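Notes follow once the structure below has been shown.
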Amino acid sequence: MSEIAATTVHEAYAFACMKCGYGWEQSYEIEHHVDVHGHAFVVYTAGGERVPSPLSTPTCTNCGGHVVRIMRAGRVAGVQELLRKQQTPHTAEAVAKDHTVSTAADPDRHWRLSDLLHPFQRR
């Protein structure tokens with residue numbers, strides 16, 4: 001199929017599965033095209049591979065569920081950082097030890113829906 005020049009934009013989304021509670025984030029390159037008949041269409045790529053639109057039928061990467069909440073980027077990472085801070089002791093000894101240990105979030109951690117929504121609960 002012939003097409004006219006594409007415009008590429010970068011977008012990222014955060015996702016939370018309402019079935020299992022797993023949370024993740026994904027960045028996309030979105031190519032906007034116009035075919036020879038003047039019809040606009042988009043192509044989503046993630047990690048260099050063509051993927052379906054995350055906005056049409058998102059699928060949980062943990063359980064395969066399709067009831068997935070889509071949020072702006074940074075929501076899952078923000079909750080991970082908040083939880084890391086809450087779990088870190090604030091003693092002088094712990095702070096000194098913290099400088100020698102990586103502070104990156106555990107990539108194998110499965111985030112539950114309650115973890116993701118905790119910062120939004122009313123107090």
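Just so you know, these numbers come straight off a predicted model, no measurement behind them.
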Over all atoms of both residues, closest heavy-atom pair of Ala73 and Ala12
CB-O, 3.5 Å

For Thr61, enumerate each residue passing the side-chain contact (heavy atoms from CB on, under 4.5 Å) test, keeping only those at least two apart in sequence or located in another chain.
Tyr22, Trp24

Go through the structure and list residues passing side chain to side chain donor-acceptor pair (under 3.5 Å) with Thr8, not counting sequence neighbours.
none

Could you list the residues that satisfy side chain to side chain donor-acceptor pair (under 3.5 Å) with Tyr13, not counting sequence neighbours?
Glu11

Can you see which heavy atom on Asn62 is nearest to which on Cys20, and at what distance?
ND2-SG, 3.4 Å

d(Cys60 SG, His66 NE2) to nearest 0.5 Å is 10.0 Å

Is the closest side-chain heavy-atom distance between Ile70 and Pro58 below 4.5 Å?
yes

Please set out all donor-acceptor pairs under 3.5 angstrom arising from side-chain atoms of residues 43-53, sequence neighbours excluded.
from, atom 1, to, atom 2, distance (Å)
Thr45, OG1, Glu29, O, 3.4
Ser53, OG, Leu55, N, 3.2

Validation row: His32, Val9 side chains within 4.5 angstrom (heavy atoms):
yes

Interatomic distance, CZ@Arg69 vs CZ@Phe15, rounded to 0.5 Å, equals 13.0 Å

Give the minimum heavy-atom separation between Cys63 and Lys19, together with the two atoms involved.
SG-CD, 3.9 Å

